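The structure displayed is predicted, hence computed values, not measured ones. If you read the sequence from its start, that first residue is 1, and numbering goes on from there.
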Amino acid sequence: MARMMIIDAHTHILPPSIIQARSEYMAADRWFGLLYASPRSRLASAPDLIASMDRAGIDAAVCFGFGFRDGEICRRCNDYVLDSAAQWPGRIIPFSLVSPAEEGAVREAQRCLDAGAVGIGELMPDGQEFSLQDERLATLIQLLEASNAPLMLHVNELVGHRYPGKGRVGPEDAYALATAHPALNLILSHWGGGLPFYELMPSARAALTNVWYDTAASPLLYDDRIFALVSRWAPNKVIFGTDYPLLTQRRFLDRVLSVEIPAEELQAMLAGNLMTALGQSKTEKA
């Protein structure tokens with residue numbers, strides 16, 4: 001059997017200047033401070049990511065910085081990600097970040113899309129303090145629809161154990177956003193907080209036609225059987241993403257490959273579904 005292409009759809013990289021001044025950025029951004037309070041919480045640069053991909057046998061990765069509340073810090077992350085994509089073409093697929101609560105978010109999104117970004121995200125409603133009903137977010141979505149570019153959104157499961165950074169935006173909010181903007185290609189991180197289970201409802205499945213679910217941080221949240229189970233009823237919706245450097249790419253991939261999943265569904269999860277979410281023209285551009 002031919003080797004499968006593998007794309008990690010959810011990775012974070014930060015400029016070395018931010019990594020070196022970690023404590024300053026933790027003090028400046030409440031959500032960043034919560035998530036990186038532990039010294040064991042790793043930060044990664046582009047070379048770190050490339051080395052990790054080489055070790056894991058991953059062909060390419062969708063990359064973005066961190067969803068800071070301050071739009072100017074987001075811009076610095078975007079510049080770094082775009083520069084890294086130019087340095088490692090075909091291996092780093094750039095997404096860009098904006099702070100929807102701030103003026104200029106749409107302008108920054110347009111700048112990044114013009115510079116080669118293929119999507120916007122991972123936006124973090126709780127950390128960036130914006131509502132999914134915010135009119136500024138709706139304006140950003142209009143741009144993305146016109147550009148055939150996806151939005152990646154951080155969504156939390158609202159039950160289970162508490163942990164630093166667990167937010168209040170869950171599957172019901174994500175469902176409302178998807179139904180309000182059916183033309184938007186929407187990637188919901190962390191299994192959409194459990195939303196794919198509702199794809200077993202015919203009415204919900206019809207409303208979620210342009211919605212995909214990435215697997216980011218899955219080993220911290222779910223039994224590994226989730227990969228095979230959700231792929232069984234939503235084979236075109238699951239997107240492999242690790243949340244590197246929160247989790248090690250090689251170990252995460254090994255866990256996915258250890259689950260019995262039909263080859264066609266596995267290839268869709270590891271690359272094909274992401275390509276569909278990006279749109280064919282965007283994939284070729286990347």
Side-chain angles (χ1 to χ4, degrees), residues 10-39 41-46 48-49 62-85 92 94-144 149-156 163-169 173 177 187 189-190 216-217 243-246:
H10 190 123
T11 69
H12 296 269
I13 59 174
L14 290 172
S17 60
I18 291 181
I19 296 174
Q20 292 163 7
R22 172 178 177 148
S23 59
E24 296 176 23
Y25 285 91
M26 287 174 57
D29 188 284
R30 181 181 68 88
W31 209 250
F32 187 73
L34 281 172
L35 290 174
Y36 293 98
S38 170
S41 298
R42 294 173 296 165
L43 299 176
S45 66
D48 294 330
L49 172 62
V62 171
C63 300
F64 32 85
F66 179 85
F68 288 98
R69 176 64 176 80
D70 186 330
E72 177 55 35
I73 306 177
C74 288
R75 183 184 178 93
R76 288 179 224 155
C77 291
N78 294 340
D79 287 342
Y80 181 68
V81 169
L82 289 166
D83 289 345
S84 298
I92 290 183
F95 269 41
S96 291
L97 292 156
V98 298
S99 182
E102 291 191 353
E103 294 287 351
V106 174
R107 185 168 58 252
E108 172 63 4
Q110 183 69 74
R111 179 187 79 90
C112 292
L113 292 173
D114 290 344
V118 298
I120 298 298
E122 174 198 17
L123 300 190
M124 306 180 73
D126 291 282
Q128 294 181 301
E129 300 176 358
F130 69 90
S131 165
L132 298 190
Q133 290 76 46
D134 194 304
E135 186 59 36
R136 293 180 185 175
L137 181 63
T139 303
L140 174 64
I141 288 172
Q142 290 175 1
L143 169 64
L144 295 174
L151 172 66
M152 180 182 287
L153 189 69
H154 180 100
V155 184
N156 277 113
Y163 50 83
K166 183 166 183 172
R168 295 173 293 179
V169 173
D173 300 297
L177 181 70
I187 301 173
S189 295
H190 314 293
D243 215 349
Y244 172 87
L246 176 64

Are the side chain of Ser96 and the backbone of Ile120 linked by a donor-acceptor contact shorter than 3.5 Å?
no
In short, Leu82 meets Ala117 closest at the heavy-atom pair CD2-N, 3.8 Å
Leu140 side chain near Leu123 side chain, heavy-atom distance below 4.5 Å
yes
Kindly compute the distance separating CG (Asp70) from CZ (Arg75), expressed to the nearest 0.5 Å.
12.0 Å
Under the side chain to side chain donor-acceptor pair (under 3.5 Å) test, which residues partner Asn78, sequence neighbours left out?
Glu108
Test side chain to side chain donor-acceptor pair (under 3.5 Å) applied to Ser189 - qualifying residues, sequence neighbours left out:
His10, Asp214
Got a sec, which residues hit side chain to side chain donor-acceptor pair (under 3.5 Å) with Thr139, two or more places apart in sequence or on another chain?
none
Quick check on the 6.0 Å ring-centre criterion: do His12 and Tyr244 meet it?
no
What distance do Leu43 atom CG and Ile13 atom CD1 have between them, rounded to the nearest 0.5 Å?
12.0 Å
Contact between Pro245 and Asp48 at the side-chain level, heavy atoms closer than 4.5 Å - yes or no?
no
For the residue pair Cys63 and Val81, what are the closest heavy atoms and their distance?
O-CG1, 3.6 Å
Quick one: which residue pairs count as a salt bridge (charged side-chain N to carboxylate O under 4.0 Å, His left out) with a foot in residues 19-37, not counting sequence neighbours?
none
Testing the basics here: between Phe64 and Gly121, what is the closest heavy-atom pair and its distance to 0.1 Å?
CB-O, 3.3 Å
Aromatic rings Phe32 and Phe68: how do their planes relate, parallel, tilted or perpendicular, breaks at 30° and 60°?
tilted
Can you name the closest pair of heavy atoms from Cys74 and Gln128 and give their distance?
SG-NE2, 4.0 Å
Quick one, Asp126 with Arg168, criterion side-chain contact (heavy atoms from CB on, under 4.5 Å). Give me CA distance, side-chain angles, the key distance, then yes/no.
CA-CA 7 Å; Asp126 291 282; Arg168 295 173 293 179; 3.8 Å; yes
Testing the 3.5 Å rule here: is there a donor-acceptor pair between the side chains of Asp134 and Ser131?
no
Check: Ile73 and Ile18 side chains under 4.5 Å, non-hydrogen atoms
yes
Is there a side-chain contact (heavy atoms from CB on, under 4.5 Å) between Val98 and Arg136 once you walk through the steps?
CA-CA 11 Å; Val98 298; Arg136 293 180 185 175; over 6 Å; no
Starting at CG of Asn156, measure out to CE of Met124 and round the result to the nearest 0.5 Å.
8.0 Å
Positive for side-chain contact (heavy atoms from CB on, under 4.5 Å) with Leu153, one of Leu137, Ile187, Asp173, Leu132
Leu132
Report the residues that fulfil salt bridge (charged side-chain N to carboxylate O under 4.0 Å, His left out) with Arg69, sequence neighbours left out, ordered by chain and then residue number.
Glu102, Glu129
Mind checking the OH-CZ spacing from Tyr25 to Arg76? Nearest 0.5 Å is all I need.
4.0 Å
Can you see which heavy atom on Val118 is nearest to which on Leu113, and at what distance?
C-CD2, 4.5 Å
Criterion side-chain contact (heavy atoms from CB on, under 4.5 Å) on Phe66 and Tyr36, from CA distance to verdict
CA-CA 11 Å; Phe66 179 85; Tyr36 293 98; 4.0 Å; yes
Which heavy-atom pair separates Pro16 from Tyr80 by the least distance, and what is that distance?
CD-CE1, 3.6 Å
Mind checking whether Cys77 and Leu14 have side chains closer than 4.5 Å, heavy atoms only?
yes
Asp79 meets the salt bridge (charged side-chain N to carboxylate O under 4.0 Å, His left out) criterion, sequence neighbours left out, with Arg111
